[in-house]
Amino acid sequence: MEIRMLRQMFQEGLLRTATIVPAPMESERWMLVFEKANGNQERISKARTENDKIYKRLNGALSDAKEIGFRSVTVEFNDS
């Protein structure tokens, strides 16, 4: 889902949390996942595609979460 749509959902109170998680099958890459009020999850996608956005750095994911409206974000790390 694109940032503008996620921002709208946040403003409507439909997004509860933002979590930065390791991207599957990609070392040192991250994804931004949102928990919706109904318990489902939503992921941020690349602009004009259905592909999940993969971040090279945590700062990029944090910046997008802040732009959507979140004031706090959880970061999960791989077990290693």
Side-chain angles (χ1 to χ4, degrees):
M1 184 170 285
E2 292 184 24
I3 288 179
R4 63 181 175 78
M5 295 172 72
L6 289 162
R7 188 181 313 118
Q8 181 69 31
M9 289 178 71
F10 180 85
Q11 290 169 352
E12 293 172 5
L14 300 175
L15 298 178
R16 280 189 183 160
T17 63
T19 306
I20 299 171
V21 300
M25 310 292 282
E26 295 197 43
S27 179
E28 300 297 319
R29 299 290 189 258
W30 306 94
M31 292 175 45
L32 189 51
V33 179
F34 304 95
E35 181 183 342
K36 294 167 42 174
N38 65 8
N40 292 336
Q41 289 187 340
E42 193 65 60
R43 289 186 167 95
I44 192 166
S45 62
K46 290 187 209 178
R48 297 174 295 284
T49 73
E50 295 293 317
N51 299 331
D52 290 337
K53 185 172 183 179
I54 304 295
Y55 298 90
K56 294 179 182 177
R57 295 183 182 87
L58 285 173
N59 275 356
L62 290 169
S63 178
D64 281 354
K66 183 178 178 183
E67 183 178 338
I68 289 165
F70 285 94
R71 294 174 51 99
S72 64
V73 176
T74 301
V75 179
E76 294 181 3
F77 296 98
N78 281 328
D79 295 332
S80 51

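With sequence neighbours excluded, the residues that form a side-chain contact (heavy atoms from CB on, under 4.5 Å) with Asn38 are Lys36, Asn40.
Follow the hydrophobic side-chain contacts under 4.5 Å out from Leu14 and you never reach Val33; the two are in separate clusters. Taking hydrophobic clusters as Ile, Leu, Val, Met, Phe, Trp and Tyr residues chained together by side-chain heavy-atom distances below 4.5 Å, Val73 shares a cluster with Met1. Leu58 is connected to Ile44 through a chain of hydrophobic side-chain contacts under 4.5 Å among Ile, Leu, Val, Met, Phe, Trp and Tyr, so both are in one cluster.
For the side chain to side chain donor-acceptor pair (under 3.5 Å) condition, the pairs that include at least one residue of residues 41-53, sequence neighbours left out, are Lys53-Asp64. Note on residues 42-66: no pairs pass ring-ring contact (aromatic ring centres under 6.0 Å, His included), not counting sequence neighbours. Residue pairs meeting the ring-ring contact (aromatic ring centres under 6.0 Å, His included) criterion with at least one member in residues 35-54: none, sequence neighbours excluded.
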Anything under 3.5 Å between a donor and an acceptor, one on a side chain of residues 15-31, the other on a protein residue two or more places apart or in another chain? List them.
residue : atom : partner : partner atom : Å
Arg16   : NH1  : Glu35   : OE2          : 3.2
Arg16   : NH2  : Ala37   : O            : 3.2

What side-chain donor-acceptor pairs closer than 3.5 Å can you find for residues 3-10, not counting sequence neighbours?
residue : atom : partner : partner atom : Å
Arg7    : NE   : Glu67   : O            : 3.4
Arg7    : NH2  : Glu67   : OE2          : 2.9
Gln8    : NE2  : Glu12   : OE2          : 2.7

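One finds the CG atom of Leu62 at 11.0 Å from the OG atom of Ser72 (value rounded to the nearest 0.5 Å).
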